[in-house]
Amino acid sequence: MYMTTDEIRSTYLEFFRKNGHEVVRSSSLVPYNDPTLLFTNAGMNQFKDIYLGKETRPYLRATTAQKCVRAGGKQNDLDNVGYTARHHTFFEMLGNFSFGDYFKKEAIYYAWTLLTEGFKLPKESLTVTVYADDNEAYDIWKNVIGLPAEKIIRIGDNKGGAFNSDNFWQMGDTGPCGPCSEIFYDHGPGVWGGPPGSPEEDGDRFIEIWNIVFMQYNRKADGTFEKLKKPMIDNGLGLERIAAVLQGVHSNYDIDLFRTLIAKTAEILNVSDLSEKSLRVISDHIRSCSFLIADGVLPSNEGRGYVLRRIIRRAVRHGRLMGAKDVFFYKLVGTLCELMGKAYPELIEQRQLIEKTLKKEEEQFLNTLDRGLAMLDSELDKLGANRTIPGEVVFKLYDTYGFPADLTQDVVRDRGYIVDMDGFEKEMTKQRERAKSASTFGIDYNKELKLSDISIFDGYNHLSCEGKIVSMFKGSEPIESASTDEEVIIVLDKTTFYGEMGGQIGDTGTLRCGHNLFIVENTKHVGKAIIHVGRVELGQFSVGQTVTAEVDAQRRKDIASHHSATHLLHAALRKVLGDHVFQKGSSVGPDRLRFDFSHPHPLSLDERQAVSALVNKAIRENYPVTTEVMDLNKAKLSGAMALFDEKYEGEVRVVSMGEVSKELCGGTHVARTGDLGYFIIISDESIASGIRRIEALTGEAAIEYQQHLARMLAYTSTMLQTDNFSVLEKVKGLINNTKSLEHENMLLKEKIVHMDAKALAYDAVEINGIKIVIAKVDSYNARELRLAVDELKNHLKSCAIVLGTVEGEKVSLIAALSKDLTSKVKAGELVNVAASCVNGKGGGRPDMAQAGGTKPEGLDEALEKARTFLTEKL
């Protein structure tokens, strides 16, 4: 039964919806509040806290189509993408889940019913596995479903050690776990391979399509298992894999979605052989890159951004292998939006950002790619017969040219070389050690500093106090004293410095003891201690000294202003947009605030103005900002809002601003809302699916920004010779006039093309009764070249045409043949004969093909070569 990927996805979700499951939207690829995951890599990730007993939902059954990425961390399929039939960096996991509701019998029944009745798979083509000791699952498959015994395979502990099996799933060293049952599709004896558990199980005949996890135990820290009071279900069906089965193909890259992406990639790169593995790599990578950017990940040199950068660069390198001379990768985004935008609208919403990001990243990488490849070739020449590339070379490529190690591996794989990854890791370790010893900054303080100290914070109402130095560190090593120019960390028993926490950045200022001066450049919380990171400016500081801690007063005031504004902004957003709005993160500094919140759409101009108006009204009302410490339950009963991702214990601090806002918060604030002065939103953007980010200013920064806007408007109105209130209409008129002129220009150019075509037809030469036109035309774009060819074919009937044009440093060629000549010569052959003289390559239909080149001085030679080729063929 053939079904498209869209039909499969909707059929799956609708089946489980009809069976009482809540259809839950895919979570972001950036796991929320889960430091153990680099990316969302399974359907159950967003329900992890439910399985761990930390969270409840208003439903006990759920179903999802979850975006997943496996390109970093423990689950990294990047190296295999393009070389196997089923590895991807991005894939969709169809899932259904039970949170203490149904269990094995229903889960197995649902899976079997959907596969055999919904998707019409032949029962005889399905084989299942169960954990060796799971007699309950075995009996359900055999006696309830009616599967023959030979189709039910028991899999024991085949990975070494108890409960270490393909059919026993564990979330980690502790936590929910249990046996699982996998469903395999048999592609038939024409494909090599054996059933699971056999010596030939790694073959491609039997392909796993569904995994049902029966979470019935809790693994404790001592390694023992206890039964869960309410066992749960976690089901996963790979969309790409089931699509391959239903569409009658063996490789995931032959399903409808990938066929379209591969064809578009081949069109962009002028490639005719659609079986090239580089096309598979690029078509896979455009999905992961686009979805990651849509979910707020941007290329960088660390963390998730670094993984994204690696994927982009791998795709670009494969494009170069296929002959790409210019940026190309971003051109696939439009096709991806057409294919997947309906199911994942964030692609369409973020299309402009995705294209801009990919284009910029490719342009930057191309600047260094050729030099890096030249260096690699030079190093390979030095190796001689040695086929192992030293780790030092791989590190040099990474450090100098930004080549990730896996990109180097990918480049040399087809040349028969291997990479010394152990040597590379040793070099990376050396670099990290050098960086650590070079500076105190950049340390992960929570990991590096082993602190038992407790610091009392006395900074809510005071900007200075006396405190005793209880410990000092240089890097992560404890020290007793430090002198002028040394960068160290100082911990006080009491301080007025606010340590970075809850989105509010740390204070700066000074520590003084007589003439001794320490400049505090950052302040952070580590455990229950507050650490002062900075530099001894003068003198000496030692453990046991009493110092005066004094915060930078103006900076603290500006931070407090922006922090208080986030509370007012949160309240205003909920009032204007609805109660679904919740804070998802923030960053509060002296120069601006950043506020992340849940909302599926950009704010309209009216909504943005309404939010700003509410915040500024609260500022004008000059409400007192009051704080009260109370029991957590009492705080909640009072109506105080608690951010669900924050951890609260014991007594909490409630910050109120009149009747407008009441939130749990440990940060510093202004005394009255009027102290904010003025509030203005400067940007609103999406950073992940369903998550938006507002940046805003208060006080002097807001006034300066508003004045800057006013100056820009005044300058613009002067240039347009109108008043400020008429600028919009004036600009609209100019835009309409420009569009009209562009249209007129296009019509005039078309007339010129028609006249040129008539002249070229008149000058056509005849070879064996066939009219030949080979000519250079001035400044034609691709559309105009096709228009000229169509006009010539209408005039000449039986004809062969080659036209070439130069625009800047780029050459464009087009070849066309009347249908009666395509048996003698193909347009693709003809255009590539010419393109070889201008460093180009092309392709197209038998009767018309186009090519580009980068060698304008070769155009005359290209046309002459085409003339000779045609003379010989015709």
Side-chain angles (χ1 to χ4, degrees), residues 1-27 29 42-43 61-69 85-86 88 90-97 107 109-126 183-187 207-212 235-265 274 280 283-284 286-288 290-291 294 332-349 689:
M1 178 182 180
Y2 183 92
M3 297 179 74
T4 67
T5 49
D6 278 342
E7 290 170 340
I8 295 168
R9 187 190 302 109
S10 60
T11 297
Y12 184 95
L13 296 175
E14 180 61 16
F15 173 85
F16 283 102
R17 187 193 66 79
K18 287 182 177 178
N19 283 283
H21 292 66
E22 180 82 8
V23 178
V24 180
R25 186 176 179 178
S26 170
S27 64
L29 286 170
R61 301 181 176 198
T63 184
T64 63
Q66 175 63 51
K67 304 175 292 187
C68 298
V69 162
R86 275 167 287 282
H88 304 289
F90 174 93
F91 64 95
E92 290 182 78
M93 184 62 75
L94 304 175
N96 60 284
F97 311 90
Y109 171 79
Y110 287 145
W112 185 257
T113 302
L114 179 56
L115 288 176
T116 59
E117 296 181 15
F119 293 145
K120 309 292 186 188
L121 292 184
K123 297 177 181 179
E124 61 271 16
S125 295
L126 299 176
I183 305 175
F184 290 77
Y185 180 81
D186 180 2
H187 280 278
I207 300 301
E208 178 200 341
I209 56 174
W210 198 313
N211 187 16
I212 312 172
N235 275 1
L237 171 67
L239 177 59
E240 292 80 5
R241 291 192 175 201
I242 190 64
V245 170
L246 293 175
Q247 293 177 19
V249 296
H250 190 62
S251 168
N252 290 3
Y253 290 97
D254 291 329
I255 66 175
D256 57 337
L257 190 150
F258 277 111
R259 284 201 311 272
T260 303
L261 284 173
I262 288 172
K264 183 62 178 179
T265 306
L274 299 184
R280 298 202 299 268
S283 64
D284 169 271
I286 191 61
R287 296 210 303 166
S288 55
S290 297
F291 274 99
L332 290 166
V333 176
T335 300
L336 181 65
C337 289
E338 292 171 7
L339 291 168
M340 302 187 72
K342 182 178 179 181
Y344 300 101
E346 62 267 27
L347 282 178
I348 298 173
E349 292 169 6
S689 177

For the pair [X] (side chain) and [Y] (backbone), establish whether a donor and an acceptor sit closer than 3.5 Å, ignoring hydrogens and angles.
{"X": "Arg61", "Y": "Phe16", "answer": "no"}
{"X": "Gln66", "Y": "Ala42", "answer": "no"}
{"X": "Glu22", "Y": "Thr63", "answer": "no"}

Can you give me the closest heavy-atom contact between [X] and [Y], atom names plus distance?
{"X": "Val24", "Y": "Ala62", "value": "CG2-CB, 4.0 Å"}
{"X": "Thr64", "Y": "Leu13", "value": "C-CD2, 3.7 Å"}
{"X": "Ser290", "Y": "Val333", "value": "OG-CG2, 4.0 Å"}
{"X": "Leu336", "Y": "Ile286", "value": "CD2-O, 3.6 Å"}
{"X": "Asp256", "Y": "Gln247", "value": "N-OE1, 2.8 Å"}
{"X": "His21", "Y": "Phe97", "value": "CD2-O, 3.9 Å"}

* **For Phe258, all residues meeting ring pair (Phe, Tyr, Trp, His ring centres under 6.0 Å), sequence neighbours excluded** => His88, Tyr253
* Enumerate the residue pairs fulfilling salt bridge (charged side-chain N to carboxylate O under 4.0 Å, His left out) with a member in residues 237-254, sequence neighbours excluded, ordered by first and then second residue. => Glu240-Arg287
* Can you tell me which residue pairs pass the salt bridge (charged side-chain N to carboxylate O under 4.0 Å, His left out) test with a partner in residues 334-345, sequence neighbours excluded? => none
Taking atom [atom1] of [X] and atom [atom2] of [Y], what is their separation to the nearest 0.5 Å?
{"X": "Thr4", "Y": "Arg9", "atom1": "OG1", "atom2": "CZ", "value": "8.5 Å"}
{"X": "Leu246", "Y": "Ile242", "atom1": "CG", "atom2": "CD1", "value": "4.5 Å"}
{"X": "Leu257", "Y": "Asp6", "atom1": "CG", "atom2": "CG", "value": "8.0 Å"}

Going by the rule side-chain hydrogen bond (donor to acceptor under 3.5 Å, both in side chains), which residues pair with [X] if we only count those two or more places apart in sequence or in a different chain?
{"X": "Asp186", "value": "Arg205"}
{"X": "Tyr185", "value": "none"}
{"X": "Ser283", "value": "none"}
{"X": "Asn96", "value": "Tyr12, Tyr102, Asn235"}

* **Tyr344 and its side chain to side chain donor-acceptor pair (under 3.5 Å) partner, picked from Glu92, Arg25, Lys67** => Glu92
* **Results of side-chain contact (heavy atoms from CB on, under 4.5 Å) for Ala244 - residues two or more places apart only** => Val249, Asn252, Ile255
* Verdict with reasoning, Phe291 to Leu347, per side chain to side chain contact (heavy atoms under 4.5 Å, CB included) -> CA-CA 7 Å; Phe291 274 99; Leu347 282 178; 3.4 Å; yes
Acceptor/donor pairs from residues 111-123 side chains to any protein atom, 3.5 angstrom cut, sequence neighbours excluded:
residue, atom, partner, partner atom, Å
Thr113, OG1, Tyr109, O, 2.7
Thr116, OG1, Trp112, O, 2.7
Lys120, NZ, Glu117, O, 3.3

* **Those residues that, when tested against Arg259, pass salt bridge (Lys or Arg N to Asp or Glu O under 4.0 Å) (two or more places apart)** => none
